[in-house]
Amino acid sequence: MDILLLGDRIKEAIYEFVGRRDVEVTLEVPQSPEYGDLSTPYAFKAARVLGRRPLDLASDIRDHLLSLNIDYIADIRVEGGGYINIHLDRNRFYSDYFRRLVEEGLDLFRGRFGEGYVRIEYTSVNPNKAIHIGHARNILLGVALHRLLSSLGYRVHLMNYIDDTGVQMADLMLGFIELNFPLDPPNGMKFDKYCGDVVYVESVRRVEEERRLRDVERKILRALEEGDNPIYEYSRRVAERVVRAQLETCFRLGAKYDVLAWESDLVRSGLHNHLSKVIEASRKIIRVEEGRYAGAVVIKVSEGDEIDPKRDEVIVRSDGTLTYVGKDLVFAMWKLGLLDMHVPVDVFGENPDGSKIFTTRDSGLGYKPDPPDILLNVIGREQTKPQNAIREVLKEVYGEEVGGKYIHYSYELVKLSAESARKYFGVESEKSAVKMSGRRGLYFNVDDVLAKMVEIVYRHMVENKSIASEQEARQVAEKVAVASLMYQLIAIDRDKPIVFDIDKSLDFKGETGAYILYSYVRANSILSNAGESGDFNIDYSLLNMYDLGLSRFIVVAPIVIHSAVKYLEPKYIMTYLYRLAKSFNDFYERCPVLSSTDPVRRYRLAIVRAYASTVELLARLVGLPLVKKM
């Protein structure tokens, strides 16, 4: 039994008693233990519908619940004019839950929060540059969603779309073909960084300054779109080398992929020919006869006869070429398994866990995506308008149920704080944060940011002499750095921009991943020195308010997990981990464990073991790396 299952039992009993379900029973965990372990304001809401006084209705519900003798409920009180406050037998309830948590771990929750097949498309970085911290938010959200759903029993398929036919790729290839940049980077520089920071930036600068290079750029772009020519073949070799370098960074962040879908392969496979089917079937898609958009095919979302550029989307230009949105619409149909279309694939490489990564090719084994129950497209918030247009067409043509599976999982941009930009990268800014620009070569690569963070953590451990081995210290520093980056990019609401600050993210006393890991290290140190897990038959009458406070925080974890899955928000788990760590540190400072006498010592060891098990479970659910010493 856990608090979520017990809450469901209580809700069902209330519904049965009142004989109706049109007023929802909501349960809360009171801030103060004096108001119980669970509370509901249900009587206030239901009284209006039932024509009764809240106090009288609450009293009747209390009497009914007590008559059922529901296990673990010690008392129920009606307070505050109609609040129903439920007090548990904490000795039994907490002890039993802690024992099962430690023994069963993830098995306690696997399969309880739904099932099904989920496809996640994430990363989707053009193959002309390294992964920067803005991309990292996309990747880490995808990682957390994958870990959360797959760990709890969902089948999850992971896709990475790679646009190797656009202007950015053409500009990169212009650097190699026309400007004669050597293919191999300077010693010590990763190939993706070399391409983005050196070749691409210089190519863009030269194209803007020299008119003749614009013609060269157009010729290269045309060759990439047409395929099956020497320029395209050369470009594909470069792009694959960039992607392999990018994946090294993605793997540092915990990423995994099943299929890499290349735009050039989708074009040559004939996938885009299927767009005509949806154009014919949709009344929202029109061909414009006159005016500025004459000859174009447009998704018409707005009302009225005029094209509204703020809401409507061109999917086919007047010259017959597809726009990004047009390509994305037919790609969405394929990802949803709506098209009877096989695209050739072959093995590209392996994930860190040894599983195969497949890639689309111009020939090979035919692959057709199975229809998912949900398709999560992790794409920046700036793509909201085209994503909404695509979703509207899918709903119209294939029905609300199918269209509802297409979810734009959006997020806001990431900037680096001006202080971090100046201190670690020598970039001055008059503003509080530095916005990145690939064309100007102003972006902060994940590898570079992590390198700075790893070095800070490593120096901290060397100064404190906490880990003797240099190799082990650097391995620990890597995990602390990744956890700190992960916390800052996931714990913030997705609709809010992030200003990432290196020093603040590594504050061992602030709201950071480093703080969570440090608290976990403290717990493991206690358990290691004790040599036992403690006594799970806890008597809270012998303990204090901080023992109880930490215990109450631990037992609400099932509610947090359920909310994270229901709303597809890993941030709930991240922020809970921080609050849980704070509660543990309050306990740590005020509740001696190893120096206490039995039975208090054994009881507190059991609480510490339950805390450590909770952290391990939740970290696994979002892909947060842990360390046992630092």
Side-chain angles (χ1 to χ4, degrees), residues 124-129 160-181 183 195-196 199-200 203-204 206-207 210-244 259-279 287 295-297 313-335 339 341-346 348 358-367 386 439:
S124 304
V125 179
N126 290 333
N128 71 310
K129 56 181 171 290
N160 180 3
Y161 167 80
I162 301 166
D163 186 0
D164 59 330
T165 63
V167 174
Q168 292 188 23
M169 198 66 206
D171 286 336
L172 173 64
M173 294 312 300
L174 184 146
F176 290 120
I177 295 171
E178 185 70 17
L179 304 183
N180 297 313
F181 275 92
L183 191 57
C195 287
V199 182
Y200 173 72
S203 293
V204 169
R206 293 281 296 275
V207 168
E210 301 177 35
R211 182 176 296 275
R212 71 171 186 87
L213 291 179
R214 297 175 192 176
D215 292 332
V216 177
E217 178 190 52
R218 283 191 288 269
K219 289 178 181 178
I220 294 175
L221 181 60
R222 191 178 308 115
L224 297 185
E225 291 174 343
E226 292 173 353
D228 197 23
N229 58 68
I231 291 178
Y232 167 74
E233 297 298 335
Y234 184 20
S235 171
R236 181 59 177 254
R237 291 196 300 272
V238 170
E240 289 200 4
R241 189 173 171 185
V242 169
V243 168
R244 290 187 187 279
V259 173
L260 309 179
W262 296 72
E263 175 61 28
S264 60
D265 294 328
L266 300 180
V267 171
R268 288 186 292 174
S269 71
L271 180 68
H272 292 166
N273 297 334
H274 289 266
L275 185 61
S276 60
K277 296 179 181 179
V278 75
I279 291 175
R287 186 177 298 277
V297 178
E313 286 289 348
V314 175
I315 59 174
V316 182
R317 301 182 186 91
S318 57
D319 63 2
T321 60
L322 271 62
T323 64
Y324 168 81
V325 184
K327 295 175 182 178
D328 208 26
L329 173 57
V330 72
F331 186 45
M333 295 157 59
W334 187 65
K335 289 184 291 185
L339 301 179
M341 175 74 194
H342 289 76
V343 175
V345 295
D346 199 357
F348 185 82
F358 288 88
T359 181
T360 55
R361 293 286 189 199
D362 56 356
S363 64
L365 181 69
Y367 166 71
R439 297 186 72 82

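A distance-only check finds no donor-acceptor pair linking the side chain of Arg317 to the backbone of Ala296 [under 3.5 Å]. Side-chain atoms of Asp171 never come within 3.5 Å of backbone atoms of Val204 as a donor-acceptor pair (strictly under, hydrogens ignored). Panel note: side chain Asn273, backbone Leu271; no donor-acceptor pair is recorded below 3.5 Å. Remark: side-chain polar atoms of Asn229 are paired, donor with acceptor, to backbone N or O of Ala223 under 3.5 angstrom. No donor-acceptor pair under 3.5 Å is formed between the side chain of Ser318 and the backbone N or O of Gly295. Of the possible donor and acceptor atoms, none in the side chain of Asp328 sits under 3.5 Å from a partner among the backbone N and O of Val330. Using modelled atom types, one side-chain atom of Thr360 and one backbone atom of Trp262 make a donor-acceptor pair closer than 3.5 Å.
Less than 6.0 angstrom separates the ring centroid of Phe331 from the ring centroid of Tyr161.
Considering Val207, Ile220, Val216 as possible partners of Glu178, the one that fulfils the side chain to side chain contact (heavy atoms under 4.5 Å, CB included) test is Val216. Exactly one of Glu217, Arg218, Lys219, Glu225 qualifies for a side chain to side chain contact (heavy atoms under 4.5 Å, CB included) with Leu221. That residue is Glu225.
The OH atom of Tyr324 lies 8.0 Å from the CG atom of Asp163; values are rounded to the nearest 0.5 Å. Interatomic distance, CZ of Arg241 versus CG of Leu183, reported as 5.0 Å (0.5 Å rounding). Note: Asp228 CG to Glu233 CD = 6.5 Å, rounded to the nearest 0.5 Å. The line from CG of Asp362 to CG of Asp346 is 10.0 Å long, rounded to the nearest 0.5 Å. Ser124 OG to Ile162 CD1: the interatomic distance, rounded to the nearest 0.5 Å, is 8.0 Å. We find the CD1-CZ distance between Ile279 and Arg287 to be 6.5 Å, quoted to the nearest 0.5 Å.
The environment of CG in Asp319 is crowded: more than 12 heavy-atom neighbours from other residues, nucleotides or ligands sit within 6.0 Å.
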Run the numbers on Glu226 and Tyr232 for side-chain contact (heavy atoms from CB on, under 4.5 Å), then give the verdict. CA-CA 8 Å; Glu226 292 173 353; Tyr232 167 74; over 6 Å; no
Between Arg361 and Arg236, is the side-chain contact (heavy atoms from CB on, under 4.5 Å) condition met? List the steps. CA-CA 11 Å; Arg361 293 286 189 199; Arg236 181 59 177 254; 3.8 Å; yes
Apply side-chain contact (heavy atoms from CB on, under 4.5 Å) to Leu322 and Leu329, showing your working. CA-CA 10 Å; Leu322 271 62; Leu329 173 57; over 6 Å; no
Tell me, with the steps shown, if Cys195 and Phe176 meet side-chain contact (heavy atoms from CB on, under 4.5 Å). CA-CA 10 Å; Cys195 287; Phe176 290 120; 4.0 Å; yes
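Here the shortest heavy-atom pairing between Met333 and His274 reads CE-O, 4.2 Å. Of all the heavy atoms in Asn126 and Lys129, the pair that sits closest is CB-NZ, 3.7 Å. Between Asp164 and Leu224, the shortest heavy-atom distance links the atoms O-CD1, 4.1 Å. Heavy atoms only, all atoms of each residue included: Val343 and Ser269 are closest at CG2-OG, 3.9 Å. Taking both residues in full, the closest heavy atoms of Met341 and Gly270 are given as CE-C, 4.0 Å, listed atom of the first, atom of the second, then distance. Across all their heavy atoms, Pro127 and Leu172 have their closest contact at O-CD2, 4.0 Å.
Cation-pi geometry between Arg244 and Phe348 is met: the NZ or CZ atom falls under 6.0 Å from the ring centre, inside 45° of the normal.
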